[in-house]
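Data block below; observations after.
Below, chains carry the letters A, B, ... as their sequence lines are ordered, and counting in each starts from 1.
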Number of protein chains: 2
Amino acid sequence: MSSETRERILNEATELYLRDGFDGFSMRALARSVGVTAPALYRHYASKENVLHEIMGEAFRRLSNKLYEALAEPTPHDRFRRAVSGYVDFALENPRLYEVLFVPPTMMGEGELPESVQAQGCAVGQFFDDRVRECVAAGVLRDDQVAPTLWAHTHGMVSLYLRGRMAQRGIDSPERFREVFEASTTRVLEGLGGPAHGVEGDGGDSDAAA
Amino acid sequence: MSSETRERILNEATELYLRDGFDGFSMRALARSVGVTAPALYRHYASKENVLHEIMGEAFRRLSNKLYEALAEPTPHDRFRRAVSGYVDFALENPRLYEVLFVPPTMMGEGELPESVQAQGCAVGQFFDDRVRECVAAGVLRDDQVAPTLWAHTHGMVSLYLRGRMAQRGIDSPERFREVFEASTTRVLEGLGGPAHGVEGDGGDSDAAA
DNA sequence: GTCTATAATCCGATAGAC
DNA sequence: GTCTATCGGATTATAGAC
């Protein structure tokens, strides 16, 4: 069946990318891994760029699965915090998959992203928007404009750490990074809302403190 | 002279990268631009990877020059805000130079960065640390732990915008982005310190509000 | 010492036979 | 769907001319 082969190719492609990185990834090596010759791949994927886009889609899918675990938590605040920590977990445990999510268009070819992949990217953004909206409704966050702020802070911290740009400050291990990240997030959250400042959690909706 | 040729090669390499991006960059095209044959380049640079590292160094140098303009401002707070806005200006006006600063190691080859380039990266971080420390001394910011927080927020916002990850929220023009970024930064700063919350600016040290 | 010329090796992608 | 054969182009090393 066609989609079966496609799937096997994508699995091998993902593993190959995870093992050898971006510049070790070639259609010929992929063909060797799959056990066919290179031209056969073009029956399933239009181009190398196309395969890379699908790897990106796969990465989004895995990230989404990780994020959805947060929905098991009981309160909006817990769901939000677990979504953020799940996001960081994913990035630290799968740095290459995380990197491919934000690769500059310059490096993946000039072509547009397939709609399906773009939709998966939007879904991740939407997930955070929903978590934030929940928190706003519960009085934990001040307003729903903070979603980009919080996402940017999280992505920025992870991104700078993964590129070793924090080693100069002694932040050179995952453990140390988590400490710094938690502290930074708490700092940002305290300012961004919660009963401490703007919103009175008079209803006493349980999960107030960071 | 040797270093003269090296410099000319680097200039051409930077222009070529700016024009054609990462995957349009090749040693052959570079040689054509310079006016020599490809193998001649290897007398001056050990590899393509080496040239890319030097482009990264050049990008850091230009960013530093932009940042240093902030030192012309009179107060710590003004210097800090202008450093941040200069940082954003640089990123929006030179998106490809900004991208090369944070390119994943996976995509530039496995080799380590030259020490000189790494030092230039540290210098940028140090510059922000200094601006923050100044602000702490002036009572504008609460403590100097916020430097990574602010840098991460700034880099995260810029990075997500440049990758089109904010278009889904209608943030698809530089003007709109600047609005959102300013609002987000102000939000973060209000929480992170200043007379409004933690620190009383009783001395009334002039530059208090964002 | 600096550059050129040649060549080995790999890559992406296509055409056409089975 | 897969193969063989092949094209055009890229990186990189080596050998030799100025």
Worksheet item: Charged N to carboxylate O below 4.0 Å: is that the case for Glu182(A) and Arg81(A)?
Response: yes
Worksheet item: Quick one: do Glu54(B) and Arg6(B) make a salt bridge, cutoff under 4.0 Å?
Response: yes
Worksheet item: How long is the line joining OH of Tyr42(B) and P of dA15(D), in whole Å?
Response: 18 Å
Item to complete: Send over the distance from Leu52(B) CG to dT11(D) P, rounded to a whole Å.
Response: 10 Å
Worksheet item: Touch check for Ala40(B), heavy atoms < 4.0 angstrom, all strands: base, sugar-phosphate only, or nothing?
Response: base
Practice prompt. Report which part of the nucleic acid Thr37(A) touches: base, sugar-phosphate, or nothing (heavy-atom distance under 4.0 Å, all strands).
Written response: base
Item to complete: Look at the side chain of Arg28(B) and the base of dG9(D), then say whether one donor and one acceptor between them are separated by less than 3.5 Å.
Response: no
Worksheet, complete the sentence: Atom CZ of Arg6(A) and atom P of dG1(D) are separated, to the nearest Å, by 11 Å
Worksheet entry | Nucleotide dA10(D), atom P - distance to CG of Leu16(B) in whole Å | 11 Å
Item to complete: Would you kindly give the CZ-to-P distance between Arg8(B) and dC3(C), to the nearest whole Å?
Response: 9 Å
Worksheet item: Once you round it to whole Å, what is the distance between P of dT4(D) and CG of Leu41(A)?
Response: 14 Å
Item to complete: Enumerate the residue pairs fulfilling side-chain hydrogen bond (donor to acceptor under 3.5 Å, both in side chains) with a member in residues 18-28 of chain A, sequence neighbours excluded, ordered by first and then second residue.
Response: none
Item to complete: Let me know the distance between CZ of Arg32(B) and C1' of dT11(D), rounded to the nearest Å.
Response: 13 Å
Discussion item. Is any side-chain heavy atom of Val84(B) closer than 4.5 Å to one of His153(B)?
Written reply: no
Worksheet item: What integer distance in Å separates Met27(A):CE from dC11(C):P?
Response: 12 Å
Practice prompt. Considering just the side-chain nitrogens and oxygens of His44(A), establish if one lies under 4.0 Å of OP1 or OP2 belonging to dT2(D).
Written response: yes
Worksheet item: Closer to the 5' end of DNA chain C via nearest nucleotide, is it Phe25(A) or Arg43(A)?
Response: Phe25(A)
